[in-house]
Structures are given as structure tokens and as C-alpha cells.
Amino acid sequence: MAADIEGNGQLSLFIANDAVPNFMFINRTTSRGGPIKFDEQAVPMGLAFDRDGLSQACMGVAAGDADGDGLLDLYVTNFSDQSNTLYRQHPGHLFEDDTRRAGLRDPSFAMLGFGTQFIDGELDGWSDLVLTNGHVYDLSYKGVPYQMPPQYFRNLGRGRFTELSSRQLGKFFERKTLGRGLARLDWNRDGLEDFVVSHMNSPAALVENRTPSHGHFLTVQLHGTESSRDAIGTIVEVVTPQRTWVRHHSAGDGYQASNERRLVFGLGDATQVSELKLRWPSGRLQSWKTLTIDRDVTLVEGADQPLIQQR
């Protein structure tokens with residue numbers, strides 16, 4: 001997973017490892033275009049192990065702001081009989097295994113997780129979690145599930161989650177499969193984030209979000225000019241009278257998948273965006289005042305005005 005962890009325009013790399021400690025390569029490159037240098041810092045930053053000091057059989061990574069404090073958190077799926085792990089970031093770039101407090105430990109313990117993403121399913125401003133599961137060995141003769149159902153955890157606010165039942169979610173969540181990759185996208189451009197899942201031995205699934213009652217939104221697409229074209233590492237801040245949201249434009253999260261390069265901000269009951277602020281990887285700062293909600297906004301680095309698509 002690549003993101004600007006330190007807020008300095010440099011892309012650092014988190015690597016979830018299988019059965020050995022994770023890596024966190026902090027970018028220490030001193031000049032643009034100069035010799036690339038990374039410093040592995042997973043242990044002092046709290047990302048190498050779980051809260052018990054154990055390395056896990058890590059699979060997928062979701063990157064997002066679980067608790068609404070503007071800092072990038074990481075959710076890592078793991079092997080069966082291991083809990084998935086939520087690493088919550090604190091000021092100073094320190095991470096804590098916050099899985100138990102978040103209510104995510106017990107529901108994931110018996111599952112073998114693969115692809116996962118943060119998705120604001122009802123656009124209430126809090127990032128939910130969706131993940132796909134499935135074992136790598138057929139141990140059903142021992143009573144161990146082989147095919148497994150996907151899971152959806154609704155964010156109740158400030159990083160506390162509850163698992164929703166398949167009856168609440170739809171038929172896709174009633175299926176048991178060998179889930180692997182999972183990527184998010186808004187395929188029908190209605191502002192609600194959808195996702196696609198790949199499976200072993202069965203077709204991929206495009207899961208459309210049809211939540212009937214939901215909040216407002218603003219979607220942001222970025223095009224770098226001085227920065228790279230995809231503008232990975234950009235930090236976007238959306239300010240409304242009610243609240244402020246921060247999103248990190250990251251890459252590589254999920255599992256063997258690539259997300260659509262659009263950031264979806266669920267705004268809840270907010271009726272206007274007071275200000276939209278960007279910090280591009282090049283270091284350029286830009287901001288725009290008073291944007292209409294429920295719109296797709298394309299931002300080009302250095303351009304004076306955003307391109308707004310009407311709905």
C-alpha cells in the first residue's frame with residue numbers, strides 16, 4: 001500500500017507479510033528525482049505485529065480513516081484462527097492495534113480474509129469495511145469451513161463497528177465462496193460506492209450499492225501535472241459547516257486489485273461544501289470555496305477552476 005504517511009509529499013510503502021513481521025518503508029529520498037532511499041520502520045511505528053506481539057498471516061490491506069481524525073488507518077485481513085487487525089494511527093505516525101475496541105476481533109477470528117476496502121456505504125461520513133473470505137485448504141473433513149461468506153462492518157461512528165447480517169445486506173452476502181480480490185468503484189455513477197470481487201472456481205461478482213436512504217456526497221478525481229498523472233499521495237480535505245473529512249489518495253490497497261481512482265466523500269446531512277483543500281505530492285497547495293454537493297469534481301493540478309459534472 002502506497003501513501004503519503006508523513007504528509008511531506010513522499011510515497012511510503014506498507015507491506016503486509018504472510019507469517020512474518022510486516023514492513024513499513026518510510027520514504028527518505030532527499031531530492032525529487034534523486035537516489036531513492038527507504039527506511040524500514042514497522043516495529044517502532046507499531047505496524048510489524050499485533051497487540052500481542054505476534055506476526056500474522058496477512059493477506060489484504062484496506063487504507064482509510066476509520067475514526068474520522070484525519071489520519072490514515074490500516075485494516076489487514078489474516079488467516080483463520082487469527083483476528084483481522086485494525087491499526088489506528090495516532091499523532092506522530094504511531095499506530096495501535098485497536099481491533100478489540102473497534103468491535104472487529106471476534107467476528108473475523110474464524111474467517112480467512114483476503115480482499116478488503118473501506119467504503120462509506122450509506123454516505124453518512126463514516127467509513128465502513130467490506131471484505132471477502134475463503135480458505136486456501138479444503139479442511140472441511142475436519143469441520144473447518146472451506147468456502148466462506150463475505151462480511152460488511154458498519155461504522156457506528158469514530159471507529160466502532162458492528163457486523164451487518166446478510167438479510168440486511170442482500171443475496172451476495174448469503175453466498176459462501178472462495179473470495180480473493182476486492183476493488184471499489186462507482187460503476188453506475190450514482191455517488192454510491194460499489195465493489196467487485198474475484199473468486200476461485202466461480203465468476204467474479206459486481207456488487208451494486210442500492211442503499212435506499214443515504215446522505216449527500218462529493219466525488220473527487222485528481223490529475224497531476226507537476227506531480228504524477230494519477231497524483232497518488234495527494235491529501236484532500238473537505239470542509240462543511242458540520243464537519244471536516246480528510247482522504248489520502250493511496251494505491252495498492254485491497255488484494256490483487258486496483259481501485260477506481262476517485263475519492264468519494266460521504267457528507268451525511270451537509271448541504272454545502274465550504275472549502276475543498278488539496279496538498280499535491282509536488283507540495284503545491286490549492287483550495288476552492290463553496291462547492292455544490294452531489295457532484296463529481298475533477299481537479300487538475302495548477303488549474304484555477306475545478307471541472308464539475310452535473311447530475
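For this chain, numbers begin at 1 and follow the sequence in order. All values derive from a computational prediction rather than experimental measurement.
- Looking at heavy atoms from C-beta onward, Arg295 lies out of side-chain contact with Gln309 at the 4.5 angstrom threshold.
- No path of Ile, Leu, Val, Met, Phe, Trp and Tyr side chains, each step under 4.5 Å between heavy atoms, connects Met1 with Phe38, placing them in separate hydrophobic clusters.
- Residues Pro306 and Gln286 fail the side-chain proximity criterion, which asks for heavy atoms closer than 4.5 Å.
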Contacts under 3.5 angstrom, residues 167-179 side chains, donor-acceptor by atom type, not counting sequence neighbours:
residue: Gln168; atom: OE1; partner: Ser165; partner atom: N; Å: 2.9
residue: Gln168; atom: OE1; partner: Ser165; partner atom: OG; Å: 3.1

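- When atom types are taken as modelled, the side chain of Gln82 and the backbone of Ala57 share a donor-acceptor pair closer than 3.5 angstrom.
- Crowding of Asn8 atom CG: a count of heavy atoms from other residues, nucleotides or ligands under 6.0 Å exceeding 12.
- The closest side-chain donor-acceptor pair between Asn133 and Gln151 falls under 3.5 angstrom.
- Shortest non-hydrogen contact noted between Gly159 and Ala102 is O-CB, 3.3 Å.
- At a threshold of 4.5 Å between non-hydrogen side-chain atoms, the residues Thr234 and Leu263 do not count as touching.
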(request) Please assess His199 against Gln147 for the test side chain to side chain contact (heavy atoms under 4.5 Å, CB included), listing each intermediate value before the final yes or no. (result) CA-CA 10 Å; His199 303 106; Gln147 297 176 324; over 6 Å; no

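- Using a 4.5 Å cut-off on side-chain heavy atoms (C-beta onward), Ile232 and Arg261 make contact.
- Although no hydrogens or angles enter the test, the distance criterion places no donor-acceptor pair under 3.5 Å between the side chain of Asp4 and the main chain of His248.
- Looking at Thr116, its side chain does come within 3.5 Å of a backbone N or O of Val130 through a donor-acceptor pair.
- Counting Ile, Leu, Val, Met, Phe, Trp and Tyr side chains that sit under 4.5 Å apart, directly or through other members, Val43 shares a hydrophobic cluster with Phe49.
- Looking at residues two or more places apart in sequence or on another chain, you find a side chain to side chain contact (heavy atoms under 4.5 Å, CB included) between Thr244 and Glu237, Val239.
- A side-chain donor-acceptor contact under 3.5 Å links Thr225 to the backbone of Glu301.
- Remark: Asp67 engages Arg88 in a salt bridge, criterion side-chain N to carboxylate O under 4.0 Å.
- Here the side chains of Met24 and Ser12 are in contact, with some heavy-atom distance below 4.5 Å.
- In this structure a side-chain-to-backbone donor-acceptor pair under 3.5 Å is present from Asp124 to Trp126.
- A distance of 6.5 Å separates CZ of Phe95 from CG of Leu72, quoted to the nearest 0.5 Å.
- Residues Gln256 and Ser198 bring no donor and acceptor atom of their side chains to less than 3.5 Å of each other.
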(request) Any chance you could lay out the side chain to side chain contact (heavy atoms under 4.5 Å, CB included) test for Leu222 and His249, step after step, and finish with the verdict? (result) CA-CA 9 Å; Leu222 303 168; His249 192 37; 3.7 Å; yes

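- Within the 3.5 Å criterion, the main-chain N or O of Thr271 finds no donor-acceptor partner in the side chain of Gln242.
- The distance from atom CD of Glu122 to atom NE2 of His214, rounded to the nearest 0.5 Å, is 10.5 Å.
- The cluster map of Ile, Leu, Val, Met, Phe, Trp and Tyr, joined by side-chain heavy atoms under 4.5 Å apart, puts Ile235 and Trp245 in different clusters.
- Counting only heavy atoms from C-beta outward, the side chains of Thr99 and Arg51 never approach each other to under 4.5 Å.
- A donor and an acceptor atom, one from each side chain of Gln117 and Asn259, are located under 3.5 Å apart.
- Other residues sharing a hydrophobic cluster with Leu206 under the 4.5 Å side-chain heavy-atom criterion for ILVMFWY residues are Leu185, Trp187, Val196.
- Counting side-chain heavy-atom gaps under 4.5 Å among Ile, Leu, Val, Met, Phe, Trp and Tyr, the cluster of Val136 also holds Met59, Phe79, Met111, Leu112, Phe114, Tyr137, Leu139, Tyr141, Val144, Met148, Tyr255.
- Taking a 6.0 Å sphere around CZ of Arg101, one finds it holds more than 12 heavy atoms contributed by other residues, nucleotides or ligands.
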(message) Please determine whether side chain to side chain contact (heavy atoms under 4.5 Å, CB included) holds for the pair Val61 and Ile15, giving the CA-CA distance in whole Å, both sets of side-chain angles, and the decisive distance to 0.1 Å.
(response) CA-CA 9 Å; Val61 182; Ile15 299 177; over 6 Å; no

(message) If you apply the rule side chain to side chain contact (heavy atoms under 4.5 Å, CB included), what do you find for Leu47 with Leu74, and how did you get there?
(response) CA-CA 9 Å; Leu47 288 167; Leu74 301 176; 4.1 Å; yes

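- The shortest non-hydrogen separation linking Leu218 to Val273 is CD2-CG2, 4.2 Å.
- If you take OG1 on Thr211 and CG on Asp190, they are separated by 9.5 Å, rounding to the nearest 0.5 Å.
- When all heavy atoms of Ser80 and His135 are compared, the closest pair comes out as OG-NE2, 3.4 Å.
- In this structure, the side chain of Ser250 does not engage the main chain of Ala3 through any donor-acceptor pair within 3.5 Å.
- Closest non-hydrogen pair, Ser258 versus Ala183, comes out as O-CB, 3.8 Å.
- Inspection of the Asp296 and Thr219 side chains reveals an N or O donor paired with an N or O acceptor under 3.5 Å.
- Note that CZ of Arg100 and OG of Ser83 are 7.0 Å apart. Values are rounded to the nearest 0.5 Å.
- Between Asn27 and Thr29, the side chains place a donor N or O and an acceptor N or O closer than 3.5 Å (distance only, hydrogens not considered).
- The closest donor-acceptor contact from the side chain of Asn22 to the backbone of Asn17 lies under 3.5 Å.
- Checked by atom type and distance alone, the side chain of Asn78 never pairs as donor or acceptor with a backbone atom of Gln56 at under 3.5 Å.
- The two residues Ala66 and Asn155 come nearest to each other via the heavy atoms O-ND2, 2.8 Å.
- Both Leu164 and Val207 sit in one connected hydrophobic cluster of ILVMFWY residues. Membership requires side-chain heavy atoms under 4.5 Å apart, directly or through other members.
- To the nearest 0.5 angstrom, Ser287 atom OG is 8.5 Å from Leu276 atom CG.
- Both Leu278 and Ile308 are members of a single hydrophobic cluster when ILVMFWY side chains are connected at heavy-atom separations under 4.5 Å.
- Applying the under-4.5 Å side-chain rule to Ile, Leu, Val, Met, Phe, Trp and Tyr, the cluster around Leu131 extends to Tyr75, Leu86, Leu104, Phe118, Leu129, Phe153, Phe161.
- When side chains are defined from C-beta on, Leu285 does not count as touching Lys277, because their heavy atoms never get closer than 4.5 Å.
- When the side chains of ILVMFWY residues are joined at heavy-atom separations under 4.5 Å, either directly or via intervening members, Phe14 and Ile26 end up in a single hydrophobic cluster.
- Gln41 and Asp39 form a side-chain donor-acceptor contact under 3.5 Å, judged by distance and modelled atom types alone.
- Neither side chain, Glu6 nor His93, offers a donor N or O lying under 3.5 Å from an acceptor on the other.
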(request) Show your reasoning for whether salt bridge (Lys or Arg N to Asp or Glu O under 4.0 Å) applies to Arg184 and Asp253. (result) CA-CA 10 Å; Arg184 64 176 184 268; Asp253 44 334; 3.6 Å; yes

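- At least one side-chain heavy atom of Val236 sits under 4.5 Å from a side-chain heavy atom of Phe265.
- The 12-atom threshold is exceeded at CZ of Arg28, counting heavy atoms of other residues, nucleotides or ligands nearer than 6.0 Å.
- In the displayed structure, Ile36 atom CD1 is contacted under 6.0 Å by at most 12 heavy atoms of other residues, nucleotides or ligands.
- For the pair Glu226 and Arg32, the salt-bridge criterion is met [side-chain N within less than 4.0 Å of a carboxylate O].
- In terms of modelled atom types and a separation under 3.5 Å, the side chain of Asn209 and the main chain of Glu193 share a donor-acceptor contact.
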